[in-house]
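Following: one structure in structure tokens, then a few remarks.
First the proteins, then the strands, lettered A, B, ... as listed; each starts at 1.
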Amino acid sequence: MQYFLMKSEPESYSIDDLARDRVTPWEGVRNYQARNTMRDVMALGDVVFFHHSGIAEPGIVGEGRVASLPHPDETQFDPTSHYYDPKSTREYPRWYCVDVAYVCTYPRTLTLKELGNDSALVGLSLTKRGNRLSVMPIDPAHGAHLQHLSN
DNA sequence: GCCAACGTTGGC
DNA sequence: GCCAACGTTGGC
């Protein structure tokens, strides 16, 4: 079992939205590295840390689980979608995603600030300066520590 | 709202 | 294939 982290601006999609929906396709990722992680690395049942970005106290707010095999991101085919990609075709889809199922909301936010000061999390790419990846793998030891912190 | 980081685009 | 310009992300 592997650990990953996915970022979202709560204004656009929050952990509460996922709690309500139970499962959602993680659409709208338009970065090749992030796509490759979803398409080639993730497996059913893997743990996903849910990170809120773009707010005063960014941090990890809960957990999800990979709930599907990779599949084409439908929004790339939709001309009315913000994520429409005219260069993508049904035959050769450019963008893939996985479904993410809700697991839990943490009783408190694991703030970026806190995580950046934790000696057990040295090397965590989330807290590296300039990191913009919205989907990233998390080292197993770091993942276990994050779950420990959330209790 | 600023700006660092970094991915993408397009001219050459 | 280089690289400048531009756009986006996201913390602060």
Side-chain angles (χ1 to χ4, degrees), chain A residues 2-21 24-42 46-66 70-139 141-150:
Chain A
Q2 309 171 94
Y3 294 96
F4 298 90
L5 181 139
M6 291 166 133
K7 295 179 184 173
S8 182
E9 296 189 15
E11 217 169 89
S12 107
Y13 197 84
S14 72
I15 188 81
D16 292 338
D17 293 324
L18 184 59
R20 180 200 62 217
D21 294 343
T24 197
W26 203 259
E27 293 168 333
V29 172
R30 294 295 179 267
N31 170 282
Y32 288 104
Q33 204 178 337
R35 177 205 67 181
N36 292 347
T37 297
M38 288 196 284
R39 191 188 59 184
D40 307 332
V41 188
M42 282 184 171
D46 283 347
V47 171
V48 173
F49 294 106
F50 198 115
H51 175 92
H52 279 174
S53 65
I55 52 173
E57 273 223 315
I60 296 170
V61 293
E63 239 171 75
R65 227 170 259 287
V66 176
H71 57 82
D73 177 337
E74 285 300 315
T75 61
Q76 70 194 304
F77 308 122
D78 176 3
T80 68
S81 168
H82 177 65
Y83 300 114
Y84 177 60
D85 185 344
K87 291 177 185 164
S88 188
T89 65
R90 290 269 176 197
E91 292 74 21
Y92 299 100
R94 179 177 298 196
W95 303 109
Y96 282 79
C97 65
V98 296
D99 293 352
V100 176
Y102 178 76
V103 171
C104 66
T105 302
Y106 290 161
R108 67 185 187 87
T109 298
L110 310 181
T111 66
L112 255 197
K113 190 178 177 188
E114 169 189 0
L115 302 180
N117 289 330
D118 192 325
S119 61
L121 295 174
V122 170
L124 184 72
S125 48
L126 175 69
T127 50
K128 277 189 188 142
R129 179 187 168 85
N131 165 60
R132 300 188 313 162
L133 257 192
S134 65
V135 176
M136 70 188 81
I138 299 284
D139 179 88
H142 290 166
H145 186 68
L146 290 171
Q147 287 181 319
H148 174 75
L149 287 178
S150 73

Note to self: Within the 4.5 Å heavy-atom criterion, are A:Glu63 and A:Cys104 side-chain neighbours or not?
What the structure shows: yes
Check: In whole angstrom, what separates A:Met136's CE from C:dT9's P?
Finding: 14 Å
Next item on the list: Please collect all ring-ring contact (aromatic ring centres under 6.0 Å, His included) contacts where either partner lies in residues 93-114 of chain A, sequence neighbours excluded, each pair once.
Entry: A:Tyr32-A:Trp95
Notebook entry, point to check: To the nearest Å, how far apart are A:Lys128 NZ and C:dG10 P?
Noted result: 16 Å
Next item on the list: Would you indicate, yes or no, if C:dG11 has its OP1 or OP2 atom less than 4.0 angstrom from a side-chain nitrogen or oxygen of A:His51?
Entry: yes
Note to self: From OH of A:Tyr83 over to C1' of C:dT8, roughly how many Å is that when rounded to an integer?
What the structure shows: 12 Å
Item checked: Nearest-angstrom distance from the residue atom CD of A:Glu57 to P of C:dG10 -> 18 Å
Margin query: Could you check whether any side-chain heavy atom of A:Gln76 comes within less than 4.5 Å of a side-chain heavy atom of A:Arg30, counting everything from C-beta outward?
Written below: yes
Item checked: Residue-phosphate contact under 4.0 Å: A:Lys7 side-chain N/O, C:dT9 OP1/OP2 -> no
Note to self: Using side-chain heavy atoms (C-beta onward) and a distance below 4.5 Å, is A:Glu57 in contact with A:Thr109?
What the structure shows: no
Next item on the list: Could you tell me the separation between the CG atom of A:Leu124 and the NE2 atom of A:His142, rounded to the nearest 0.5 Å?
Entry: 6.0 Å
Note to self: Can you classify the ring geometry of A:Tyr3 versus A:Phe49 as parallel (below 30°), tilted (30 to 60°) or perpendicular (above 60°)?
What the structure shows: parallel
Next item on the list: Dot-bracket notation for DNA chain B is requested: 5' to 3', Watson-Crick or G-U wobble pairs only, both distances under 3.5 Å, with ( ), [ ], | and . as defined.
Entry: ||||||||||||
Notebook entry, point to check: Short question: side chain of A:Asp73, backbone of A:Gly28 - any donor-acceptor pair under 3.5 Å?
Noted result: yes
Polar atom pairs (N or O), protein with nucleotides 5-7 of chain B, under 3.5 Å:
residue, atom, partner, partner atom, Å
B:dA5, OP1, A:Arg129, NE, 2.8
B:dA5, OP1, A:Arg129, NH2, 3.2
B:dC6, O2, A:Arg132, NH1, 3.4
B:dC6, O2, A:Arg132, NH2, 3.0
B:dG7, O4', A:Arg132, NH2, 3.3

Notebook entry, point to check: Over how many whole Å does the gap from A:Leu126 atom CG to C:dC12 atom P extend?
Noted result: 10 Å
Check: Quick one: does A:His145's side chain get under 4.5 Å of A:Asp118's, heavy atoms only?
Finding: yes
